Amino acid sequence: MKVRLPDGKEIELKEGATARDLAEALGGRWKKEAVGAIVNGELYDLMKPLPEGAEVRLITRKDPEFQHLFRHTLAHVLAQAVREFFQQKGYPPDSVKLGVGPVIEHGFYYDIDAPEPISDADLPAIEEIMRDILRRDLPLRRYELPREEALARYQGKDRYKVALIQDIPEGEPISFYEQEGFTDLCRGPHVPRTGLIPPHFKLTHVAGAYFKGDANNPQMQRVYGVAFRSKEELKDYLWQLEEAKKRDHRRLGRELELFLIDPMVGKGLILWLPKGNVIREELIRFMREEQTKRGYQLVTTPHIGSLELYKTSGHYPYYAESQFPPMELEDEAYLLKPMNCPHHIRIYAAKKRSYRELPLRLAEFGTVYRYEQSGELHGLTRVRGFTQDDAHIFCTPEQVKEEFKAVIELTLHVFDTLGLKDFRARIGTRAPGSDKYVGDDAHWALAERQIQEAASEMGLSYTVEEGDAAFYGPKLDFVVKDALGREWQLGTIQVDYNLPERFAITYTGPDGEPHRPVMIHRAPFGSIERFLGILIEHFAGEFPLWLAPVQAAIVPIAERHHPYAERVRAALGAAGLRVEADLRSERMQAKIRDWETRKVPVILVVGDREAEEGTVALRDRRRKVRGVFPLAEVVADLKARVDGRKLE
RNA sequence: GCCGGCGUAGCUCAGCGGUAGAGCAACCGCCUCGUAAGCGGUAGGCCGCCGGUUCGAAUCCGGCCGCCGGCUCCA
């Protein structure tokens, strides 16, 4: 057989040759240094046979792809170590069964069915065994088996591997990797010897994980690890993790007194403290202004609705398990509202509508309640009661695309104003064959097409994810990552042909006949709680001036400056700024430190000179002394920055 | 909901079978100071809750509640 090298040279190798055979044929440093290969753009190890005529580039430990190889092998080393760990405890080797063990962003994990729970306390011991396996420098061997033989090997002994083999598509090779008697079904690729793995790894935590991600399957124990090429990279990663934890909105929420979750009130229910509520109100005000500019009208509806309403909308039977149960009294039943749309639809339906009224855009900062599973609750980002910056646009089928694009524009404007640059757009479509959706196929197909067209025409790049649609229609979501790298959905825009149908709402067209409107459900923030949670982490608590709960603190140097500090406070306050004068009996240095820790954007120091000249000494939270300015100038400047919603 | 871990003062944490501790914050007093912590004092605890083991439990065991990390779910 022949393969082609990056320089175009063709090399003749024996049938079934591997990258190792190639490295040996090339000789020289390749023989010693090759650890894998890129074959037709795909990462191969030294053990896997090369396809005829392949383009092959050998890689060494210096290439970035090496990381993938050793992380994958580390997963196997972990599995072997766990097996040894339990053997030391007196269990037979086959008492430890294995699920999958892939490479992930910073390392790897392995799903393990062990005879005893693995706890965090066991990790150092398991790590030590892993290091020993690295020191033993074990060679890895790869081989393939026919499907029948592979199945026979595990039949009746290991249901996980049997299931995994059955999942391998017909025609694909079924390969195994083995080191020192430890064999695992695996597609590869791996490093050729465990001694090549850099010892810069760490097992981080254990978690439960259902086999194949299906809650009907048994739960295995997933051991997570991180691994890098150098000690520095590992150290950096762990340091960054610590830094990220300082941005955690749950921590900052407490430190900056923004919000509270009190078990006595109930889990997943947010108590907004005065400082946090300032931010919340500013965000709402911002959104209200932007929506008014774009032709929205505000409405207000109650927190509950009759069960009949939700039976008509379809919420009740379809999502009963994620709602608080109905409240029944006398012969009526009510539901805490999980969504605002049915109420808005009834506002639409309250009178005969003309095509001339459309698009009708009804907006509400509506608070909804959903019964989220307890294990899923998370600070502000997953709660049981939250306020949506919700609106429903009722329009003609012809208006859908333009309206949809206008909402994309609004959402991008909001993100831009707040400096949120790191997000992705995701279109959620219906999963074929699922019964959790309402409405007919033609409408779904049309809506899915309209969303994609609108997104493309707005120059948005997006991914399409099947099965991510709402039960009544497909949607476009804006997704961001929090400080610790978890993804959260913020803004959402959904096209809905179904609820208008279920509520039988109409408008009178130019032809005098009734027509069915289309609804667009949309919320640029998504949930104000979640959005603010993300925003806290995005700004690390250092909010831009217009959002900062306290915009400026005045620090008098000595007690004799208190009257002037008061005057400065009054001047800023009169301009509508949120300002506090610090008249405590403390040293100026201590006061500055306090306001810095509270992440107040502006500190104004006043002493003899300032009082005399009518100036203030300006200092911002990035520890910069900006100089001395006339009071009136500072007031005007701060006011302009607030009004312009500047990011600084 | 499931698996694992953790609950000690408002916060961060020590103590881990034998009389509940520190720093910060709070409160009181002294100090009046030029850009990140002045000094002294006072108060603050059903050691998450319930039960068990023990002469004796913050400490050991069990259940519950809450939180944390994942998994599943997610309008």
Side-chain angles (χ1 to χ4, degrees), chain A residues 109 111 113-114 117-123 204-224 245 248 250-251 254-255 257 260-264 266-268 310 313-315 318-319 321-323 337-341 368 370-379 382 386 388 390 428 436-437 467-473 475 477 484 486 488-489 492 494 496 499 521 523 526-527 555-562 584-597 603-610 617-621 623-626 628:
Chain A
Y109 69 74
D111 285 346
D113 178 359
I118 301 170
S119 88
D120 291 351
D122 297 327
L123 298 183
T204 51
H205 56 288
V206 192
Y210 298 105
F211 178 59
K212 294 207 291 182
D214 184 339
N216 300 311
N217 285 337
Q219 196 165 44
M220 309 186 81
Q221 299 185 76
R222 178 171 295 177
V223 180
Y224 284 90
K245 283 181 186 164
D248 190 315
R250 293 164 299 184
R251 174 182 177 147
R254 186 177 55 236
E255 288 175 357
E257 299 185 342
L260 196 68
I261 299 170
D262 179 1
M264 195 173 213
K267 48 184 172 183
Y310 295 104
S313 70
H315 289 102
Y318 280 95
Y319 284 93
E321 77 287 354
S322 48
Q323 290 161 186
K337 73 175 173 190
M339 289 181 109
N340 302 302
C341 27
V368 296
R370 300 179 186 180
Y371 191 81
E372 299 290 348
Q373 298 183 82
S374 62
E376 197 47 50
L377 298 173
H378 185 93
R382 173 73 92 242
F386 57 95
Q388 295 178 312
D390 209 358
K436 64 177 199 173
Y437 306 101
D468 263 350
F471 79 89
Y472 47 73
K475 56 179 187 164
D477 293 331
L484 290 165
R486 311 165 179 109
W488 298 99
Q489 174 200 317
T492 181
Q494 311 168 355
D496 179 5
L499 289 182
H521 307 240
S527 133
V555 172
I557 289 171
E559 211 168 303
R560 65 177 180 281
H561 308 122
H562 284 193
R584 293 174 303 160
S585 159
E586 277 295 345
R587 291 177 66 220
M588 178 193 75
Q589 285 83 344
K591 292 181 186 179
I592 288 173
R593 179 176 189 278
D594 283 352
W595 292 107
E596 292 282 0
T597 0
I603 296 174
L604 303 172
V605 178
V606 295
D608 290 329
R609 204 167 76 222
E610 289 78 14
L618 187 72
R619 184 187 210 283
D620 78 19
R621 83 190 134 201
R623 295 196 191 187
K624 269 182 267 164
V625 181
R626 287 276 197 77
V628 178

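Nothing here was measured: the structure is a model prediction, and the numbers come from that model. Side chains included, hydrogens not; waters and symmetry mates left out as well; all remaining heavy atoms used.
One C1' atom belongs to B:G7, the other to B:C64, and the distance between them is 14 Å to the nearest Å. Only the P atoms considered, B:C49 is 15 Å distant from B:A20, to the nearest whole Å. The separation of B:C24 from B:G38, taken at their C1' atoms, amounts to 16 Å, rounded to a whole angstrom. As rounded to the nearest Å, B:C61 and B:G5 have P atoms that lie 11 Å from one another. Between the C1' atoms of B:G15 and B:G45, the separation comes to 14 Å (whole Å). Atom P of B:C65 sits at a distance of 38 Å from the matching atom of B:A25, rounded to the whole Å. Nucleotides B:U42 and B:C6, compared at atom C1', are 33 Å apart to the nearest Å. A distance of about 14 Å separates the P atoms of B:G51 and B:U59, rounded to the whole Å.
Within the 4.0 Å cut-off from OP1 or OP2 of B:G70, not a single side-chain nitrogen or oxygen of A:His378 is found. Here A:Arg619 does not reach the OP1 or OP2 of B:G34: none of its side-chain N or O atoms lies under 4.0 Å away. A:Arg626 has no side-chain polar atom (N or O) that falls below the 4.0 Å cut-off from OP1 or OP2 of B:U35. Contact annotation: A:Arg250 side-chain N/O to B:C68 OP1/OP2 distance is under 4.0 Å.
Heavy atoms of A:Asp608 sit under 4.0 angstrom from at least one base atom. When heavy atoms are screened at a 4.0 angstrom cut-off, A:Ala207 is found touching base atoms of the nucleic acid. Using a 4.0 Å heavy-atom distance criterion, A:Glu321 is classed as making no nucleic acid contact. Within 4.0 Å (heavy atoms only), A:Arg584 reaches no atom of the nucleic acid at all. Counting non-hydrogen atoms under 4.0 angstrom, A:Glu257 reaches nothing in the nucleic acid.
In this structure, A:Val555 and A:Trp595 approach most closely via the heavy-atom pair CG2-CD1, 4.0 Å. Closest non-hydrogen pair, A:Leu123 versus A:Val223, comes out as CD2-CG1, 3.9 Å. Shown here for A:Gln221 and A:Ile118, the closest heavy-atom pair between the two residues is OE1-N, 2.6 Å. What you find for A:Pro338 and A:Gln323 is that their closest heavy atoms are CG-OE1, 3.7 Å. Closest of all the heavy-atom pairs between A:Glu596 and A:Arg621 is OE1-O, 2.9 Å.
Note: A:Tyr472 and A:His521 have parallel aromatic rings, judged against thresholds of 30 and 60 degrees for the angle between ring planes. Using the six-membered ring where Trp is involved, A:Tyr224 and A:His205 have ring planes that are parallel, under 30° apart on the 30 and 60° scheme.
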With side chain to side chain contact (heavy atoms under 4.5 Å, CB included) as the test, would you mind laying out the steps for A:Met339 and A:His315 before giving the verdict? CA-CA 9 Å; A:Met339 289 181 109; A:His315 289 102; 2.8 Å; yes

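Remark on RNA chain B: of its neighbouring residues A:Asp248 and A:Lys212, the 5'-side contact belongs to A:Asp248, judged by nearest-heavy-atom nucleotide.
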Return a single string for nucleotides 5-12 of chain B, one symbol per nucleotide in 5' to 3' order, where B is base contact, S is sugar-phosphate-only contact and - is none, cutoff 4.0 angstrom on heavy atoms. S-----SS

Check the interface with nucleotides 38-45 of chain B: list each N/O to N/O pair with the protein under 3.5 Å, or write none.
| from | atom 1 | to | atom 2 | distance (Å) |
| --- | --- | --- | --- | --- |
| B:G38 | OP2 | A:Arg587 | NH1 | 2.9 |

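The 12-atom threshold is exceeded at CD of A:Glu255, counting heavy atoms of other residues, nucleotides or ligands nearer than 6.0 Å.
Here B:C3 presents its C1' atom at 12 Å from OH of A:Tyr224, a figure rounded to the nearest Å. In this structure, the NZ atom of A:Lys624 is 20 Å from the C1' atom of B:G34, given to the nearest Å. Taking atom CG of residue A:Leu377 and atom C1' of nucleotide B:G70, one finds them 15 Å apart after rounding to whole Å.
A donor-acceptor contact under 3.5 angstrom links the side-chain atoms of A:Tyr210 to the base of B:G1. For A:Glu372 against B:C74, no side-chain N or O and base N or O form a donor-acceptor pair under 3.5 Å.
Listed nucleotides B:G70, B:G34, B:G1 differ in distance to A:Arg609; the shortest reach to its side chain belongs to B:G34. Checking B:C3, B:G66, B:A36 against the side-chain heavy atoms of A:Lys267 singles out B:G66 as nearest. Nearest nucleotide to the A:Arg222 side chain, out of B:C74, B:G69, B:C71: B:C71.
Under the side chain to side chain contact (heavy atoms under 4.5 Å, CB included) criterion, A:Asp390 pairs with A:Asn340, A:Gln388, A:His392, not counting sequence neighbours.
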